[in-house]
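These notes concern the structure reproduced below.
Throughout, protein chains are lettered first and strands after them, A, B, ... in sequence-line order, and every chain is numbered starting at 1.
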Number of protein chains: 2
Amino acid sequence: MATTTSGSRGGVPRGRDNTPAIREQLRAEILTGTLVPGAEISQARIAADFGVSRGPVREAFRLLESEGLIDARVNHRARVRGLSVHELEHLYSLRVINESLALTVSVPLFSEHELAELDELAEVLRHPGDEPFDFEEWDQVHQGFHERLLAHSGPRMLELADEWAAHTQRYRRAYAEGGRGLPPGAAEHVAMARLCRDRDARGAAHLLARHLSRAALTLIAQIEPTHEPVLLRAAIRQVLGPEGPSRPSEEHRRAGA
Amino acid sequence: MATTTSGSRGGVPRGRDNTPAIREQLRAEILTGTLVPGAEISQARIAADFGVSRGPVREAFRLLESEGLIDARVNHRARVRGLSVHELEHLYSLRVINESLALTVSVPLFSEHELAELDELAEVLRHPGDEPFDFEEWDQVHQGFHERLLAHSGPRMLELADEWAAHTQRYRRAYAEGGRGLPPGAAEHVAMARLCRDRDARGAAHLLARHLSRAALTLIAQIEPTHEPVLLRAAIRQVLGPEGPSRPSEEHRRAGA
DNA sequence: GCCCCGTGAACTGTTGACACTTCTGCCACG
DNA sequence: CGTGGCAGAAGTGTCAACAGTTCACGGGGC
């Protein structure tokens, strides 16, 4: 029996249009794993937890379904969608090609203030202050960095990229192995910030693509080592060109990582 | 005063879960321009038109909003979102890089049956049978061709590509200038089919990218000639490489278009 | 012992009604 | 003549209740 998850959510205060709050709360619980894949969630129970009627909950469910976080068959309880290597690969492939493009057009437009912010965040990512290492906090900063990277790519692209990044978070958390240390590649962020400052759009985009695909390949190897990531490799080729991501390339070394 | 569009939609038969039907009907009306940009649509009126209560309509509205087809401020009537060159450029940029990738991985996987279908559709696109030329019918086939091209790229990618293609349809119709003739580039489809048959993934992807970006540039030039499509050009560069789309490239000629 | 069907609980989809907000048009007032 | 504000209409967000569906469970028949 799938755990028909229960537990009281804080009631929605008193505001009008409660759907966004419900949606975001559930979304967060799914992304962080509080609501595990396969768990069944009923409109009635969620409504009760929020102290609200089923109307707004139904609307929130529709949004979560359109985002791909839950499956909702007619006349059945909704279920938190499961994880799969295929989806993980798709998500990262989308991120690789789209974020590379978004970064390419953003680089010439960064303000001095934004560049300084990137530098600062990158430094924090490399040398997190607190001991012991707090993965939650680090990942928060990490998401902020990647989000700022795409600042000037337009609202539509930004929204999509945010969604994809959020969804990959699900996999990162599920397979973080207890989050016991700095993820490999954490140091690359300072190189990226540097390339942005140098207005090297091509170099920055390439480094981002390698950065993302390394994360993806690491995860895939952990989850299902036999899986052959055809789509992801094609995505990498599209961004980096046919030569492939074999050795550290020119712009990477130049950035002095 | 914005036209608070009215008019009776056929009542939803008697099925359970009416939301999808309502959503699709409204979506189609927006995409084809029956519901013009800026038009205001009220839950109450739509509900009456469908012979249904406001509940399902609200859910449909939420989906349409998440898709970006309507704007829905709290306590206000929803409005059909307007058109803009920026969005058009974004849509086509997304299509260029994502469909190119999707096609790249699809090419090795086409069955003989699918290849034959592509050939056939491409031929119809080049020499449409009926006189006078029926744009609606032609565009139907056109969408079918592009959809089949991505058949093997996985459900998530397919869904996204379909959505983007559908949205560009809005612009194509709005600026079709009466749809009085075969769009330029219509002949390229047979070359694409040919490249698929030859299992030339790279060539097919490049041709698709050029095909899409030409359509985009034509539309942009019609709508707002002063607009400089920075994002789109970056997208083209990402797929074709730095040399740019200057001359007809090797694989294009080899396909003997 | 095994299978089938009826029954009731748990849910979902839908509806009509209620409270509150926004906007329009009009009137009194300056 | 211009302006401020005040009712009423129109619309939205929400809720509680109704009807139909799915599923688990147990009793009866074989």
Side-chain angles (χ1 to χ4, degrees), chain A residues 1-26 35 38-66 69-81, chain B residues 1-26 29-30 35 38-66 69-81:
Chain A
M1 176 188 60
T3 67
T4 79
T5 319
S6 155
S8 129
R9 278 94 181 165
V12 171
R14 195 54 63 197
R16 297 295 169 233
D17 192 14
N18 300 317
T19 302
I22 299 171
R23 171 201 149 94
E24 275 155 35
Q25 169 79 21
L26 291 179
L35 241 32
E40 299 196 326
I41 49 187
S42 94
Q43 300 170 5
R45 171 156 271 137
I46 300 293
D49 286 352
F50 277 97
V52 99
S53 85
R54 275 171 44 225
V57 175
R58 284 180 61 83
E59 296 176 24
F61 274 29
R62 277 266 146 76
L63 293 174
L64 291 171
E65 187 188 11
S66 86
L69 290 179
I70 65 178
D71 281 324
R73 289 177 315 168
V74 170
N75 271 320
H76 286 258
R77 277 174 291 190
R79 292 175 34 151
V80 177
R81 192 172 273 187
Chain B
M1 176 188 62
T3 67
T4 78
T5 319
S6 151
S8 126
R9 279 93 182 167
V12 170
R14 197 50 64 197
R16 297 295 167 232
D17 192 12
N18 301 317
T19 303
I22 299 170
R23 170 202 150 92
E24 276 155 35
Q25 169 78 24
L26 292 178
E29 291 187 16
I30 294 174
L35 242 32
E40 300 196 324
I41 49 187
S42 93
Q43 301 170 5
R45 170 155 270 140
I46 301 293
D49 286 353
F50 278 96
V52 100
S53 83
R54 276 171 43 228
V57 175
R58 284 180 62 82
E59 296 176 25
F61 274 29
R62 278 263 145 80
L63 292 175
L64 290 171
E65 187 188 11
S66 86
L69 290 179
I70 66 178
D71 281 325
R73 289 176 315 169
V74 170
N75 272 321
H76 287 259
R77 277 174 292 188
R79 291 175 37 148
V80 177
R81 189 173 276 185

(request) Kindly say if A/Arg58 contacts the phosphate of C/dG13, meaning a side-chain N or O under 4.0 Å from OP1 or OP2. (result) yes

(request) Return no unless some side-chain N or O of A/Gln43 is found under 4.0 Å from OP1 or OP2 of C/dA10. (result) no

(request) List the steps and the verdict of salt bridge (Lys or Arg N to Asp or Glu O under 4.0 Å) for B/Arg79 and B/Asp71. (result) CA-CA 5 Å; B/Arg79 291 175 37 148; B/Asp71 281 325; over 6 Å; no

(request) May I have the step-by-step check of side-chain contact (heavy atoms from CB on, under 4.5 Å) for A/Arg9 and A/Leu26, ending in yes or no? (result) CA-CA 10 Å; A/Arg9 278 94 181 165; A/Leu26 291 179; 4.0 Å; yes

(message) Which nucleotide wins on minimum distance to the side chain of A/Asp17, given the candidates D/dG13, C/dT12, C/dT14?
(response) D/dG13

(request) Could you tell me the separation between the CD1 atom of B/Ile46 and the C1' atom of D/dG11, rounded to a whole number of Å? (result) 13 Å

(request) Please state whether the phosphate of C/dG13, meaning OP1 or OP2, lies under 4.0 angstrom from any side-chain nitrogen or oxygen of A/Asn75. (result) no

(message) Counting only side-chain heavy atoms from C-beta out, which of C/dG13, D/dT14, D/dG13 sits nearest to A/Thr19?
(response) D/dT14

(request) Could you check how far CZ of A/Arg16 sits from C1' of C/dT21, rounded to whole Å? (result) 10 Å

(request) Rounded to the nearest 0.5 Å, what's the gap from CZ on B/Arg23 to CZ on B/Arg62? Could you check? (result) 14.5 Å

(request) Specify the separation, in whole Å, of atom CG of B/Asn18 and atom P of C/dT12. (result) 17 Å

(request) Round to the nearest Å and state the distance from B/Glu59 atom CD to C/dT12 atom C1'. (result) 11 Å

(request) Please state how far atom CD in A/Glu40 lies from atom P in D/dT22, giving the value in whole angstrom units. (result) 15 Å

(message) Suppose we call a contact any N or O donor and acceptor under 3.5 Å apart; does that hold for the side chain of B/Arg54 and the base of D/dG13?
(response) yes

(request) For B/Glu65 and D/dT12, give me the distance from atom CD to atom C1', rounded to whole Å. (result) 14 Å

(request) Rounded to the nearest angstrom, tell me the gap between atom CZ in A/Arg73 and atom P in C/dT12. (result) 12 Å

(request) Tell me whether the OP1 or OP2 atom of D/dC23 has a side-chain N or O from A/His76 closer than 4.0 Å. (result) yes

(request) Can you sort out the partners of B/Arg54 under salt bridge (charged side-chain N to carboxylate O under 4.0 Å, His left out), two or more places apart, ordered by chain and number? (result) none

(message) Just the rounded figure in Å: distance from C1' of D/dG11 to CZ of B/Arg45.
(response) 11 Å

(request) List for me each residue that meets side chain to side chain donor-acceptor pair (under 3.5 Å) alongside B/Asn75, sequence neighbours excluded, and say none if there are none. (result) none

